[in-house]
Amino acid sequence: MYTGIGASAGIGIGSVVIVKEPSLVYDNKAITDAAAETARFQAALDKCVEKTQAMAEDMKTRVGEKEAEILEGHILLLMDPELGGQIESKIADDKKCAEAAVEETCDFFAAMFSSLDDEMFQQRATDVCDIKTRLLKILLDVEDVDLANVPAGTILVAEDLTPSMTAGINPANVVGILTEIGGKTSHSAILARALEIPAVLSIEGIVSKLTNGQSVILDGETGKVFEDPDAEIVKEYEAKRAAFLEAKAALSKFVGKPTETSDGVKVELCANIGKPEDALKVVECDGEGIGLFRTEFLFMDRPQVPTEDEQFEAYKKVAEVLSGKPVIIRTLDIGGDKEIPYLGLPKEENPFLGFRAVRLCLKREDLYRPQLRALLRASAYGDIKIMVPMISCVDEFRKVKEILGELMADLDEKGIAYNKDIKVGIMIETPAASLMADVFAKEVDFFSIGTNDLTGYTMAADRGNPDVAYLYSTYNPAVLRSIERVITAANAEGIMVGMCGEAAADPLLTPLLISFGLQEFSVSATSILKTRKGISSWSKAEADEVTAKAMSMATEEEVRTYLESIAR
């Protein structure tokens with residue numbers, strides 16, 4: 001048995017087809033006719049753009065617009081004047097052949113993106129490598145790997161399955177994917193989930209360990225892979241596959257249904273997004289709004305600060321896609337684990353307790369005012385709400401309101417439309433905000449509990465440190481008491497209280513959140529129906545009973561064990 005990262009849920013039972021990229025060896029000799037070589041590169045570039053556009057259109061039709069945007073992102077990279085300019089410069093100035101110029105330039109950009117401590121940029125490195133391979137294939141007249149015509153019951157095994165390769169898969173024939181590299185958020189994983197193909201990634205040496213035609217079972221949730229499984233394992237996993245498909249079909253009953261407990265207590269079920277394009281997926285997955293739009297990604301995947309107009313268009317797009325449903329947009333939350341190199345922020349000993357989020361924005365009004373102004377302008381196109389992250393004291397929120405007031409006055413003077421009654425709330429993620437929740441509830445329009453940071457700060461534990469990982473748990477009584485306190489304070493003042501951290505989608509915590517009085521759950525788009533089903537399986541009275549018992553417990557283990565024992 002092998003174990004990797006379960007990146008796309010489901011059970012795959014089939015036969016191995018090993019995918020190997022053809023050799024891309026070329027004669028790296030100096031050229032004499034730079035103009036001809038540049039023309040050869042330009043022809044290859046045009047052909048690559050044309051083929052990628054065709055793949056994107058096919059993906060849009062077969063899978064969805066959101067997934068097609070991964071390939072459309074490749075087109076933007078291919079047409080980036082910086083990338084093309086460096087390649088042409090190597091041809092003209094260094095007398096490199098087109099293949100060497102492409103390889104060296106793409107490797108430079110891939111290394112630059114990989115060095116950045118951010119998952120999005122590291123994924124961009126993979127995209128650049130994919131583009132490099134496709135350009136080299138065109139220059140060398142090498143055929144693409146054809147994954148559209150593999151036999152039924154195929155489990156694809158590859159070192160990596162790039163977006164361009166994944167785009168060609170016929171999901172009717174492919175029942176599973178195994179790779180040596182990649183993670184849950186890689187573009188290949190995103191596409192595998194969109195195609196509903198079970199996938200296990202990052203299995204070291206799996207290409208050399210398996211052979212074509214070999215029988216394999218994979219579990220895309222646990223990450224387990226069985227080669228040449230015996231009859232008993234086959235029977236076990238055939239039953240698991242049937243149960244998975246049955247559970248998936250059962251979720252379809254919740255499309256278009258209100259989100260409510262079994263005794264009719266209604267709550268709002270929204271989704272978290274990172275890019276404007278993600279809003280389409282929220283609508284497709286039957287979300288009732290957006291509970292968290294992380295705007296920092298607008299700032300990260302680019303060489304300079306987005307302008308006010310660029311931000312306005314992004315926020316407006318999301319508001320229009322949601323067609324009047326609520327859209328909570330979090331103002332810039334950088335620092336800690338999110339760095340933006342071009343801002344030149346100083347290195348800190350402990351960035352998670354340092355100059356980040358609202359603390360940075362209030363000192364850098366050159367960044368903050370254009371964002372707030374763009375949000376106000378976009379509020380004329382939908383139900384946009386502004387959320388301020390990392391609040392620790394009332395003074396910070398009052399300063400944000402003061403800036404908003406000045407911007408509103410300016411918009412009024414210029415006759416620019418905006419929602420004059422726009423709601424402004426805060427993200428509760430510090431113990432200070434939790435302890436002052438009753439005071440904050442009198443000043444703000446809504447709360448959204450960010451359980452990821454609230455758990456870490458409450459327990460003084462870094463979730464990335466394995467030595468203290470046992471402390472990082474939302475089931476810890478201290479964290480649960482903090483959450484309950486915040487929800488109680490919000491309900492006492494009659495303001496909306498939601499949750500946008502991972503705990504909102506945790507089925508073990510659902511009865512507690514219902515009992516506490518949480519009004520809005522914000523989860524990943526793909527978790528919407530599962531969360532709606534989970535909420536519907538509890539009555540308020542049942543949830544209250546569970547909560548009374550759980551909240552009387554003293555340890556994380558007691559709480560977790562109890563919640564697991566009564567899980568539905």
side-chain contact (heavy atoms from CB on, under 4.5 Å) partner of Val174, chosen from Ile169, Val17, Leu195: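 Between Val174 and the candidates, side-chain contact (heavy atoms from CB on, under 4.5 Å) is satisfied uniquely by Ile169.
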Any donor-acceptor pair under 3.5 Å linking the side chain of [X] with the backbone of [Y]?
X	Y	result
Asp263	Lys540	yes
Asn272	Cys500	yes
Ser8	Gly220	no
Ser565	Tyr562	yes
Glu558	Ala554	yes
Arg560	Ser473	no
Asp278	Lys275	yes
Asp160	Thr162	no
Asn212	Ile18	yes
Ser515	Pro511	no

Below 3.5 Å, can you tabulate the donor-acceptor pairs from side chains in residues 248-257 to any protein atom, sequence neighbours excluded?
{"residue": "Lys248", "atom": "NZ", "partner": "Glu196", "partner atom": "OE1", "Å": "2.7"}
{"residue": "Lys248", "atom": "NZ", "partner": "Glu196", "partner atom": "OE2", "Å": "3.4"}
{"residue": "Ser252", "atom": "OG", "partner": "Ala249", "partner atom": "O", "Å": "2.5"}

Could you check whether any side-chain heavy atom of [X] comes within less than 4.5 Å of a side-chain heavy atom of [Y], counting everything from C-beta outward?
X	Y	answer
Ile328	Leu292	no
Val150	Asn170	no
Leu210	Tyr2	yes
Ile11	Leu245	no
Asp130	Met165	no
Pro276	Val318	yes
Thr455	Asn476	no
Thr259	Thr531	no

Would you call Glu288-Arg532 a salt bridge at under 4.0 Å N-O?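 Result for this pair is yes, salt bridge flagged.
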Basic-acidic side-chain contact under 4.0 Å: Lys240, Glu236: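 Salt bridge between Lys240 and Glu236, a charged N being under 4.0 Å from a carboxylate O: yes.
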Check this for me: Glu542, atom CD, are more than 12 non-hydrogen atoms of other residues, nucleotides or ligands nearer than 6.0 Å?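 Yes, the 6.0 Å shell around CD holds more than 12 heavy atoms from other groups.
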Criterion side chain to side chain donor-acceptor pair (under 3.5 Å) on Arg134 and Thr52, from CA distance to verdict: CA-CA 10 Å; Arg134 282 187 283 141; Thr52 307; 2.6 Å; yes
Quick check for you: to the nearest 0.5 Å, what is the distance between [X] atom [atom1] and [Y] atom [atom2]?
X	Y	atom1	atom2	value
Thr451	Ile483	OG1	CD1	6.0 Å
Met459	Tyr470	CE	OH	8.5 Å
Phe299	Arg294	CZ	CZ	16.0 Å
Ile273	Leu322	CD1	CG	7.5 Å
Glu104	Lys132	CD	NZ	10.5 Å
Glu227	Ile217	CD	CD1	12.0 Å

Return each pair, listed once, that meets side chain to side chain donor-acceptor pair (under 3.5 Å) where at least one residue sits in residues 500-509; pairs must be two or more places apart or across chains.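 Residue pairs with at least one partner in residues 500-509: Tyr475-Asp506.
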Heavy-atom closest contact ([X] atom, [Y] atom, distance):
X	Y	answer
Glu99	Leu140	OE2-CD2, 3.7 Å
Thr133	Leu24	CG2-CD1, 3.9 Å
Thr261	Trp538	CB-O, 3.0 Å
Gly289	Lys325	CA-CB, 4.1 Å
Pro229	Ser215	CD-O, 3.6 Å
Val559	Pro477	CG2-CG, 4.2 Å

Considering only distance and modelled atom types, tabulate donor-acceptor pairs under 3.5 Å from the side chains of residues 198-205, sequence neighbours left out.
{"residue": "Ser202", "atom": "OG", "partner": "Gly182", "partner atom": "O", "Å": "2.5"}

Checking side chain to side chain contact (heavy atoms under 4.5 Å, CB included) for the pair Leu77/Arg124: CA distance, chi angles, key distance, verdict? CA-CA 9 Å; Leu77 277 173; Arg124 184 51 54 90; 3.4 Å; yes
